[in-house]
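Shown next, in structure tokens, is the structure this report addresses.
Basis for what follows: all heavy atoms, side chains included, without hydrogens, waters or symmetry-related copies.
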Amino acid sequence: MSRTLLTGFTLAPTWLRGWGWRHPDSRVEEMFTGGPIVEAVVRAERAGFDFAFRPDAQEIDPARIRDDAGQLGLDPLIQLAAVAVQTHRIQLVATLSATFADPFTVARQLVSLEHLAGPRIGWNLVTSLGGDRNHATPRPETSAGRWRRAAEFVEVVEGLRAGFPPDAVIHDRASGRFTDPERLRRLDHEGESFRVEGPLTTPSGSGGRLPMLQAGGSEAGRQFAARHADAVFTAAPQEESAAELRRDLIVRARELGRAPAAVVPGLSLFLGATSDEAWAAFRAAQSPATLARRRDAVAAAMHADLSDLSVDDSVPRARLRTPDTPLDARAERLRAVAARATLGALLESPDAVADLHWTVIGTVDDAADAISVRFERASLDGFIAFPGGSWTSVELACDALVPELRRRGHVAPGTGLRRDAP
């Protein structure tokens, strides 16, 4: 069977980011009702996306949300519950922090979602970049320690789910027996980070382990992904970084005797009926703070001072002297653009725009071409769509992009995260 893309759709209102919320069709007033997200995921399910994924953050910077919705949003598990009752097939994946969360509570929340949604709940386990001052649980000092805690977290959650199997609930009216206690078992886990007796107060909604998405690119994070994950979400603005991660995970999985995790980078999509419309939406979504952060990121990558330049200025050649530190491929491409263009053009070049996630600005065909090229070169296994700029990007990603990828033979009927069971 030929490879097909694993397609994810965000459960975050990414079209509101930057100044996207100012667009007339943004529906920003409904942001905290959850309504637009439910509507978007229903549309994504109809299009054939495999899963819907809710990223999360454990802290915010008040200064950054002065003019940008940023990471604001509903709690991932609460949002999944709202989406679950309005959808039927698409897999629903919530981000959970192994660093700060409690495994008994998480296990109970996940099995409760299984009862609401059926066997289509998954989880994205992370160790969290921040949030230490918002939680009582201390963060392990090293990456290895954090991922060791995450592995124990998985062991406890899955042990609790297995300890109260669905068939333990028999509700036999004739005999008066509601459950078969002999089918339940206590976990009695005592580990480095957790002590949990069990069993859960809610039976598991399905057998087998939950499908897992993972995010975290450290050495320890990659080894965790190779051992536990079905897919890996990564920020890979440049193709080579996703390709390297994919090759590495294949080698690690082979050594462990399991199927490799699929690599699914985030893909920011600013779509329009024409390229001009897409670029207009992209530019309109760029707040002054967004542009300032991009300029700082480009300057750091190039080892060049851009702070005193306006968007109409050219970058002085004296600032493009080769630094003592070797430059990576992205920095070399940025410097090549800077040598012949204004700062404004530099900040709209592909390597500047894709400062965090892979970014495509253009028509549906432009996006399908970009995805097809990376997929056919085996640089990725799929993507998670982050529509940006306006609600139009949501509509085009669902109603036009996925059908076009299906026409090209790159998309099969939605199957969820787990393609080949480990």
Side-chain angles (χ1 to χ4, degrees), residues 10-40 53-76 78-79 95 97 100 126 128-135 215 235 237 266-272 278-301 305-313 343-349 351-359 361 384-394:
T10 184
L11 274 159
T14 51
W15 68 91
L16 300 179
R17 290 182 180 169
W19 271 0
W21 62 271
R22 301 180 69 187
H23 195 281
D25 73 359
S26 72
R27 303 176 66 180
V28 65
E29 294 81 7
E30 303 172 64
M31 178 177 178
F32 297 108
T33 70
I37 286 294
V38 170
E39 184 177 327
F53 156 65
R54 181 61 167 94
D56 193 29
Q58 296 295 318
E59 64 182 11
I60 61 169
D61 177 358
R64 289 191 65 169
I65 61 172
R66 188 183 71 83
D67 59 1
D68 184 343
Q71 296 291 336
L72 297 179
L74 301 178
D75 177 87
I78 300 299
Q79 192 165 63
T95 295
S97 174
F100 299 123
V126 301
S128 299
L129 295 174
D132 300 70
R133 297 180 181 180
N134 294 327
H135 297 276
L267 173 56
S268 293
L269 292 166
F270 293 83
L271 301 176
W279 275 100
F282 172 77
R283 291 178 180 125
Q286 306 308 294
S287 70
T290 303
L291 288 170
R293 287 193 294 270
R294 185 179 309 132
R295 182 183 61 194
D296 292 345
V298 168
D305 181 11
L306 306 176
S307 59
D308 61 333
L309 302 179
S310 74
V311 293
D312 296 322
D313 290 335
L343 176 62
L346 172 64
L347 295 180
E348 289 189 352
S349 66
D351 284 297
V353 167
D355 55 351
L356 177 59
H357 288 294
W358 175 25
T359 301
I361 305 166
I384 299 178
F386 295 156
S390 73
W391 182 256
T392 298
S393 288
V394 174

Output the distance between atom [atom1] ([X]) and atom [atom2] ([Y]), rounded to the nearest 0.5 Å.
| X | Y | atom1 | atom2 | value |
| --- | --- | --- | --- | --- |
| D67 | R22 | CG | CZ | 8.5 Å |
| S390 | D25 | OG | CG | 5.0 Å |
| L267 | T14 | CG | OG1 | 10.5 Å |
| R293 | D68 | CZ | CG | 6.0 Å |
| L347 | L306 | CG | CG | 7.5 Å |

Where the side chain of S393 meets the backbone of G388, is there a donor-acceptor pair that is under 3.5 Å apart?
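Yes, S393 side chain to G388 backbone: donor-acceptor pair under 3.5 Å.
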To check you understand the geometry: which heavy-atom pair defines the closest contact between [X] and [Y], and what is its length?
| X | Y | result |
| --- | --- | --- |
| S128 | S97 | OG-OG, 2.7 Å |
| L309 | L343 | O-CD2, 3.5 Å |
| D308 | D313 | O-OD2, 4.5 Å |
| S26 | W21 | OG-O, 2.7 Å |
| A352 | R294 | O-CD, 3.4 Å |
| A385 | P387 | O-CD, 3.4 Å |

Under a 4.5 Å cut-off applied to non-hydrogen side-chain atoms, are Q58 and N134 in contact?
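Side chain of Q58 against side chain of N134, heavy atoms only: no contact under 4.5 Å found.
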Would you call the rings of F270 and F282 parallel, tilted or perpendicular, where under 30° means parallel and over 60° means perpendicular?
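Geometry flag for F282 against F270: perpendicular rings.
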Partners of A235 by side chain to side chain contact (heavy atoms under 4.5 Å, CB included), sequence neighbours excluded?
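Applying side chain to side chain contact (heavy atoms under 4.5 Å, CB included) to A235 gives L356, H357.
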Residues that R27 engages under side chain to side chain contact (heavy atoms under 4.5 Å, CB included), provided they are two or more places apart
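If we apply the side chain to side chain contact (heavy atoms under 4.5 Å, CB included) test to R27, skipping adjacent residues, the hits are E30, P36, E39, W391.
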Mind running side chain to side chain contact (heavy atoms under 4.5 Å, CB included) on L291 and R295 for me, showing each step along the way?
CA-CA 6 Å; L291 288 170; R295 182 183 61 194; over 6 Å; no
Evaluate the side chain to side chain contact (heavy atoms under 4.5 Å, CB included) criterion for residues I37 and R54: first the C-alpha distance (whole Å), next the side-chain angles of each, then the deciding distance (0.1 Å), finally the verdict.
CA-CA 10 Å; I37 286 294; R54 181 61 167 94; over 6 Å; no
Taking salt bridge (Lys or Arg N to Asp or Glu O under 4.0 Å) as the definition, give me every residue that meets it alongside R283, ordered by chain and number, with sequence neighbours left out.
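Expected list: E348.
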Check each of T10, L11, I384 against F53 using the side-chain contact (heavy atoms from CB on, under 4.5 Å) test, and report the only one that passes.
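For F53, the side-chain contact (heavy atoms from CB on, under 4.5 Å) test succeeds with only one of T10, L11, I384, which is I384.
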For the residue pair S310 / D312, report whether a side-chain donor-acceptor contact shorter than 3.5 Å exists.
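On atom types as modelled, these side chains do not qualify, holding no pair under 3.5 Å.
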